[in-house]
Every structure is written in C-alpha cells, then in structure tokens.
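Everything on this sheet refers to the single structure shown next.
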There are 2 protein chains.
Amino acid sequence: MEKLRQHIEQITPLTDEEFTHIQTFFAIKRVRKNQFLLHEGDEVKHEFLVLQGVYKVFYVDNEGKEHIVQFAQENWWMTDYSGYFKKKPANMFVECLEDGEVLCLTLYGREKLSADLHKMEHFFRVKLTNGYVALQERIRILLSGNPQQRYEEFSKLHPDLLQRVPKKLIAAFLGVSRETLSRLSGSK
Amino acid sequence: MEKLRQHIEQITPLTDEEFTHIQTFFAIKRVRKNQFLLHEGDEVKHEFLVLQGVYKVFYVDNEGKEHIVQFAQENWWMTDYSGYFKKKPANMFVECLEDGEVLCLTLYGREKLSADLHKMEHFFRVKLTNGYVALQERIRILLSGNPQQRYEEFSKLHPDLLQRVPKKLIAAFLGVSRETLSRLSGSK
DNA sequence: TTTATGGTGTGATTCAAATCACATTACGAA
DNA sequence: TTCGTAATGTGATTTGAATCACACCATAAA
C-alpha cells in the first residue's frame, strides 16, 4: 500500500489519517500471466491500479479480430471504463501479460472517496485530465498516421512497452496487421 | 449566464453566492461563421463552453489534409486540450461553422474554481469522465470499423450533427475520404 | 532430447478505399 | 438574375495494406 500512497502523493499530499481512510477502499490482488481480470459480459466491478506487471485491455470485433484499447503497466489505471462508469456489462477483456499485482477500486469507493475528500476528487480529476489528453493524442495518430508513423509515435511514447509486449499485440493496438508491422520495423 | 448555471446544475446544485463567484471566471464571446477561436501556434488561453452554434476542432497534417478531432455544439466543451492543459502552443484550430456564442474559461480560472469549490472540482471531474468514455468509444470505432460502420455509429450518436455540418467534414471526422463517404450514405 | 506452441519474417495475391477527374447541384454575393 | 464558390455524386484508376501461405526460430513443457 505504500506504493498507493506514493502514487497519490505525486498529485496531492496526504495526512496519515487521510491515507488510512483511503486505504480501506482498495483491495490488493495478485495476478498471473494469462489470467483475466475482466471478461466481456461481466459486471465491471473494479477499476485497477497496476502495482506490477503488464496488462492489455481489448475487445473482439464481429470478425473475431482482437483490438487493444489500452496497455497498462506500473502506476497506470485501467478497466473497461465505459462499463465501469455506466454500470453496463463489459464489452472488453482485461488480461495479464506478465505476473504482477493490482489494486482494485469499486465505483462506489471512487465516488465515496471523491465526496469525502476534496483532495481525492482533485486527484481523480488530474488523472482524468491526463488520460483525456492522451486519448485525444491517440485519436490524432489514428486519424492521420500511416502504419509507419503510428509505429514511430508509439516507439517514442512507450519504448518500454516495445520491449515488454509481443509485436503482434502492438499491431493490434495500432490498428495495423501483424505482417505490415513486421515489415515496418525492419525498414527502420 | 443563466445557461451556464443550468449547465452546471445538471451535475450539482449551486447556491446564489456560489454561482455569483463562478460567473466571474467566464467571459462571453459572440462568434461568427468561419471565425477562428484558436489558430495553430497560438497560446491556448481558453477552453470554450458552447452556448450556441457549431464548431470544429481540427488540425492539418503534413500532407495538408484536415482532420477533425472534435465537433462541438450547445453545451459541449472544446479546445485543444493538449495545448491548454500542458500550456503548449496549439497544434489545432477551432473554427466556427454556424454563428453563435461561447463562454471562455482560462486554465487559471478552471483550477481556481476547482480549488475554491469542491462542487466545481466535482463538476469538472464528471465532465471529464464522460469525455473520457466518449473518446475511448471513438477509438474503438476507429480501430475496428470500416467506413460503413463508422458512418452508422456516427449517425446513431449524432443525428443532429449529420444535419448541421457538411458531409465532407463528417468524412474528415471519421477518417474516411469524402468520396467514400458519399458512396456509403447512398447505399443506406 | 524431442515436441509443441507462439512469435516473427517475408513473398505472392487480393481487395477496399484513396485518389484522380469530372459532372451536377445548391447557395450566397454582386 | 447571374456569377462564383462550395458541396456533392459518380466513374475509372491506382495503391497501400490486408490477407493468405509459408518458413524459421525461439521458448517451454514432456
């Protein structure tokens, strides 16, 4: 839980009492490679804060193709946010790619924390702000970039993920076929 | 300004004193068709809340093609959020497509309001939450949808915009060529 | 060690959508 | 009204990336 405190205090300082209170809303969970934290159709009970490991958030389209909406690693938050916030069944899967652990937070917990502590509402707002900007950036790349540019942007932004996850998953994240991606990275 | 109050009170009730305070951070601005609220390279001074009219937020790629990141109409917020939040020069343009008016809010104002009033921090968090989910949804469509599906999703989500903005702009929003879109809507 | 399974490169072929090139229509300004 | 400009439809052609099909190489399990 010390990691949680550090994570929050990057945004806002906390007193010991505050943190003690906050803590009670988080449950720790060990996860192993290939384990699913969420299945399509499930109720989306939690949002996850990654303490360790790598994960993918993805869905399967009607042709059976897998598309990755988000990767997550240490200190990233993840879930099927549409399902989580709207209390609808998941359209997505969350799967572990590398053994690790996560903290689980319910929507109730999130809202309660935000209501109880202005600081926490601030924390979540800042996180969302950053997330929003990142998504808008991603849309930009999807709209105008050819596979080459997409790959370069990704490499620049997440050189670490490039090492940690197989290329075929990166392809599924970039919206490019495995083969095309393979030919690209060669030409670089 | 009454519209602003209603807009905020859809999320959280306000006392008169609170609203009086809030109000001081917003400046109203009339805008005419073809007028730019933001140019690429500008400092991104404001975020805008649309009171009336339609607007597009777009950028121009290195081949000179225009890509629309966001449309906005009544009660939507818009700006180049990356530039706004990171205090970097704009990568985007904001242009008016239909006469109207907007409220302008500086980043300072936004942060001040959030710090002063827990309610306002809440308001912004809720807005960001919805925006985040919408962007994630858009990414989903961009990743898996063919032009047909993209168009259908858009029609379902924004039938009003379909009437209000020219097709070629919708094409630029969907990441599809004008011609392809034209052939599609015919086949429907 | 062998065997299987998943990741990856690379050629050949196909195909969907972009591009190019017009014609047509709608609309606002002079 | 007439002119000019923007929006739109539609054919012909090109092209970039997907798909198909395979070989090769890891790593992990038997």
Side-chain angles (χ1 to χ4, degrees), chain A residues 32-36 54-56 58 60-68 71 93 95-99 141-155 160-188, chain B residues 32-36 53-56 58 60-68 71 93 95-100 141-155 160-188:
Chain A
R32 300 226 269 100
K33 184 168 173 173
N34 300 324
Q35 186 181 338
F36 284 80
V54 195
Y55 306 79
K56 64 175 175 180
F58 69 101
V60 177
D61 69 20
N62 21 33
E63 274 111 44
K65 280 206 329 197
E66 178 176 321
H67 300 274
I68 296 181
F71 287 114
F93 301 84
E95 186 180 355
C96 177
L97 302 175
E98 217 182 68
D99 292 7
I141 294 164
L142 285 177
L143 273 182
S144 62
N146 59 30
Q148 169 98 289
Q149 298 167 306
R150 293 186 196 183
Y151 181 71
E152 280 167 13
E153 278 290 337
F154 184 86
S155 311
D160 42 354
L161 281 175
L162 223 52
Q163 308 306 333
R164 273 178 114 174
V165 308
K167 296 271 176 71
K168 65 176 251 186
L169 295 187
I170 304 215
F173 179 85
L174 297 177
V176 168
S177 78
R178 215 207 79 223
E179 294 91 334
T180 298
L181 188 70
S182 163
R183 288 183 243 266
L184 275 181
S185 30
S187 83
K188 237 201 106 188
Chain B
R32 301 225 269 98
K33 185 170 172 171
N34 300 323
Q35 185 181 338
F36 284 81
V54 195
Y55 306 79
K56 62 175 174 178
F58 69 100
V60 177
D61 69 19
N62 21 33
E63 273 111 45
K65 281 205 331 195
E66 179 176 319
H67 300 274
I68 295 180
F71 287 114
F93 301 84
E95 186 180 356
C96 177
L97 302 174
E98 216 181 69
D99 291 6
I141 294 164
L142 285 178
L143 273 183
S144 63
N146 59 29
Q148 169 98 290
Q149 298 168 305
R150 294 185 194 184
Y151 181 72
E152 280 167 14
E153 278 290 337
F154 185 86
S155 311
D160 41 354
L161 282 175
L162 224 52
Q163 308 307 333
R164 274 179 114 175
V165 307
K167 295 273 175 72
K168 64 175 249 185
L169 294 187
I170 305 216
F173 179 84
L174 296 177
V176 167
S177 79
R178 215 206 81 225
E179 293 92 332
T180 299
L181 188 71
S182 165
R183 288 182 243 265
L184 275 181
S185 30
S187 81
K188 238 205 102 184

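Numbers restart at 1 for each chain; the letters A, B, ... are given by sequence-line order, proteins then strands. Everything numeric in this text was worked out from a predicted model, so none of it was measured.
Checking each of B/Ile141, B/Leu161, B/Leu181 against B/Phe154 for a side-chain contact (heavy atoms from CB on, under 4.5 Å) leaves exactly one that passes, namely B/Leu161. Checking B/Val60, B/Asp61, B/Asn62 one by one against A/Ser144, the side-chain contact (heavy atoms from CB on, under 4.5 Å) holds for a single residue, B/Asp61.
Of the side-chain N and O atoms in B/Lys33, none sit less than 4.0 angstrom from OP1 or OP2 of C/dC27. Between C/dG7 and A/Lys168, a contact under 4.0 Å exists linking OP1 or OP2 to a side-chain N or O.
The CD-C1' distance, from A/Glu95 to C/dG6, rounds to 13 Å in whole Å. A/Glu98 places its CD atom 16 Å from the C1' atom of C/dG7, with the value rounded to the nearest Å. Counting to the nearest Å, the P atom of D/dG16 and the CD atom of A/Gln149 are 13 Å from each other. Taking atom CG of residue A/Leu169 and atom C1' of nucleotide C/dG7, one finds them 10 Å apart after rounding to whole Å. With rounding to whole Å, B/Arg183 atom CZ is found 10 Å from D/dA12 atom C1'. As rounded to whole Å, 16 Å separates atom C1' of C/dG9 from atom CD1 of A/Ile170. A/Glu179 places its CD atom 8 Å from the C1' atom of D/dC20, with the value rounded to the nearest Å. Between the NZ atom of A/Lys65 and the C1' atom of D/dC20 there is a distance of 14 Å, given to the nearest Å.
Considering only heavy atoms from C-beta on, A/Glu98 stays 4.5 Å or farther from A/Val165 through its side chain. Residues A/Glu95 and A/Phe93 have side chains not in contact (no heavy-atom distance under 4.5 Å, counting atoms from C-beta outward).
For A/Asn146, taking side-chain heavy atoms from C-beta onward, the closest of the listed nucleotides D/dA17, C/dG7, D/dT19 is D/dA17. In the set D/dT19, C/dA21, C/dT10, the nucleotide with an atom closest to the side chain of A/Ser177 is D/dT19.
Nearest-nucleotide positions on DNA chain D for A/Arg178 and A/Pro147 put A/Pro147 closer to the 5' end.
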